[in-house]
Trainee: 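There's a structure below that I have some questions on.
In listed order, ligands and their atoms are each counted from 1.
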Amino acid sequence: MTDLGRRLVTALPGPRSAELGRRLSAAGARAIAGPTAPSFIDHAEGAILVDVDGNQLLDLGSGIAVATVGNTHPAVAAAAGAQTAKLLHTCAMVAAYEPFVQVLENLRRITPGDHAKRSILVNSGAEAVENAVKVARYHTGRQAVVVFEHAYHGRTNLTLAMTAKAMPYKAGFGPLAPEVYRLPNSYPYRDGLTGPAAAQRAITKLDTEIGADKVAALVIEPIQGEGGFIVPAPGFLPALQDFCQAHGIVFVADEIQSGVARTGKWFASDWESVVPDVITVAKGIGGGLPLAAVTGRQEIMDSVHPGGLGGTYGGNPVSCVASVAVVEAIEREGLLDKALAIGQTITRRWTGFQEHDPRIGDVRGRGAMQALELVDPKTKAPNEALARAVAGHALSQGVVVLVCGTFHNVIRLLPPLAITAAQLEDGLDVIAQGLARN
Ligand code: PLZ
């Protein structure tokens, strides 16, 4: 279909994309009408997005960690395509179907831990997080939910209260849901604390300001996504998990961004052998079709009465067959190892840049979830302008790069695991150029 290289045939955006951009702004609310990339995409394959002007863009963002197995993965697309001709919808609460069961079984197998598990399927990450909190409250009979600095958990009313950042997410949208409390995270580059010390700091705050016996759930991203790809210091997650276990608090890992082979293991929790009581999964599990899940210990999930959780579209047949194909592709194509190899390439290149460029404050991540934190070399102050300039340069050259972080100063890479070595090196070259020119 394509020759799988980055190739620009127009300046970006090309004329057809520019026209679509005008139509988008004339009909779309301005709250949504500002995509990162100015190109409108016609089709995609692996790590290449082909726009309506025929430009071949290199995708280093996977549509925010969704196209993990590759954009329009052939097996995922074939499964979804065949399903659309067979059965589009019944509502699993009305009549179920085998692919729904297959997804539940896959979740039981691939999520951390060998304990008895049960799952529900929903449509989006935020809906999964909402349901995880509902289940934890039901199970414990407690109300408080603790979350962390720099967290991102969604944009619905409850998850918005759980998300840390005011602009653009929370500002103006109050009142937000009550009984959400925020604790300091572990941020090795900035706090210099060991994992256990950072955990103790959080636990002291929880104990003194909330009280452990009031807390239903502690919800944490094992690697923070939108907040800046912050990998906690070793021992932080296990210490929090031990504390939760000792106090009957449901430990919820939000693996919506970090899960499903992204970090080179099925879930980022696996890196420290953390076994969450409940885990939220979305994005990569559907391979591009909307699907999300909450998987948890049977005794926690099944505390809720029959009919207590649900929704019209959760576990739609097309999303489910796509998800089954995603899990098969990860296993058949050895994508856990591929994610590790991608991580090694990125780390090797970026630690090399860091030796010559003191504005690169930190290189961090696991597997194919890697970030560069850009700073003022003298003060370590976040360097948002440089992050914008580097991402802007990449976009102008047809490399789709996303920025994240509370201070918008972190370049993050979430390449599709289908990316080839040559494509990845090309993308890293363009980022290097962006750094050199700004
Ligand atoms: N939890 C850890 O990363 C979604 C958000 C993009 P939904 N991240 C991308 C944006 O600006 O809206 C995310 C996440 C983590 C929850 C969510 C929410 O998942 O599927 O977007 O609802």
Trainee: May I ask you to list the atoms of ligand 1 that are less than 4.0 angstrom from any heavy atom of Ile64?
Mentor: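 Taking each heavy atom of Ile64 in turn, ligand 1 has 6 (C), 9 (C) under 4.0 Å.
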Trainee: Verify salt bridge (Lys or Arg N to Asp or Glu O under 4.0 Å) between Arg364 and Glu373, making sure each step is shown before the conclusion.
Mentor: CA-CA 8 Å; Arg364 59 177 176 249; Glu373 176 159 357; 2.8 Å; yes
Trainee: For atom 1 (N) of ligand 1, grab the closest protein heavy atom and report residue, atom and distance to one decimal in Å.
Mentor: Asp254 OD2, 2.7 Å
Trainee: Arg155 heavy atoms, cut-off 4.0 Å: which ligand 1 atoms fall inside?
Mentor: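 In order of number, 10 (C), 11 (O), 12 (O).
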Trainee: Is Glu221 in polar range of ligand 1, meaning some N or O pair under 3.5 Å apart?
Mentor: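 Among all N and O atoms of Glu221, none is under 3.5 Å from an N or O of ligand 1.
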Trainee: Leu158 versus Met162: any side-chain heavy-atom pair under 4.5 Å?
Mentor: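 Sidechains of Met162 and Leu158: in contact.
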Trainee: Starting from atom 8 (N) of ligand 1, locate the nearest protein heavy atom and write down its residue, its atom name and how far away it is, to 0.1 Å.
Mentor: Lys283 NZ, 3.1 Å
Trainee: Based purely on interatomic distance, does Gly125 place a nitrogen or oxygen under 3.5 Å from a nitrogen or oxygen of ligand 1?
Mentor: yes
Trainee: Taking the basic N atoms (NZ, or NE/NH1/NH2) and the acidic carboxylate oxygens, is any pair closer than 4.0 Å for Glu226 and Arg412?
Mentor: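 A salt bridge is present here (some side-chain N lies under 4.0 Å from a carboxylate O).
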Trainee: Under 6.0 Å between ring centres, would you say that holds for Tyr152 and Tyr169?
Mentor: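 Judged by ring-centre distance (under 6.0 Å), Tyr152 and Tyr169 do meet the cut-off.
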Trainee: Could any protein non-hydrogen atom be found less than 4.0 Å from atom 21 (O) of ligand 1?
Mentor: no
Trainee: Any non-hydrogen side-chain atom of Thr159 less than 4.5 Å from a side-chain atom of Glu130?
Mentor: yes
Trainee: Using a 4.0 Å heavy-atom cut-off, say whether His153 meets ligand 1 through its side chain, its backbone, both or neither.
Mentor: backbone
Trainee: Counting N and O atoms only, with roles assigned by atom type, does the side chain of Arg262 sit under 3.5 Å from a partner on the main chain of Arg366, one being a donor and the other an acceptor?
Mentor: no
Trainee: Return a yes/no value for Ile256: is any of its N or O atoms, backbone included, closer than 3.5 angstrom to an N or O of ligand 1?
Mentor: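 N/O-N/O distance below 3.5 Å does not exist for this pair.
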Trainee: For Ile64, does its backbone N or O pair with a side-chain atom of Ser62 as donor and acceptor, under 3.5 Å?
Mentor: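 Side chain of Ser62 to backbone of Ile64, a donor-acceptor pair under 3.5 Å: no, none is there.
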Trainee: Could you tell me, atom by atom, which parts of ligand 1 come under 4.0 Å of a heavy atom of Gln257?
Mentor: 3 (O), 8 (N)
Trainee: In terms of side-chain geometry, is the basic nitrogen of Glu331 or Arg109 positioned less than 4.0 Å from the acidic oxygen of its partner?
Mentor: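 Yes, charged N to carboxylate O under 4.0 Å.
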Trainee: Under a 4.0 angstrom heavy-atom cut-off, which atoms of ligand 1 come close to Ala126?
Mentor: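 In order of numbering, the contacting atoms are 7 (P), 18 (C), 19 (O), 22 (O).
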Trainee: Does the distance from a Lys or Arg side-chain N to an Asp or Glu carboxylate O, for Asp302 and Arg297, drop under 4.0 Å?
Mentor: no
Trainee: Of all the atoms in ligand 1, which lie at a distance below 4.0 Å from a heavy atom belonging to Ser124?
Mentor: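 Every atom of ligand 1 under 4.0 Å from some heavy atom of Ser124: 20 (O), 22 (O).
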Trainee: Mind checking whether Glu127 contacts ligand 1 via backbone (N, CA, C, O), side chain (CB onward), both or neither, at a 4.0 Å heavy-atom cut-off?
Mentor: neither
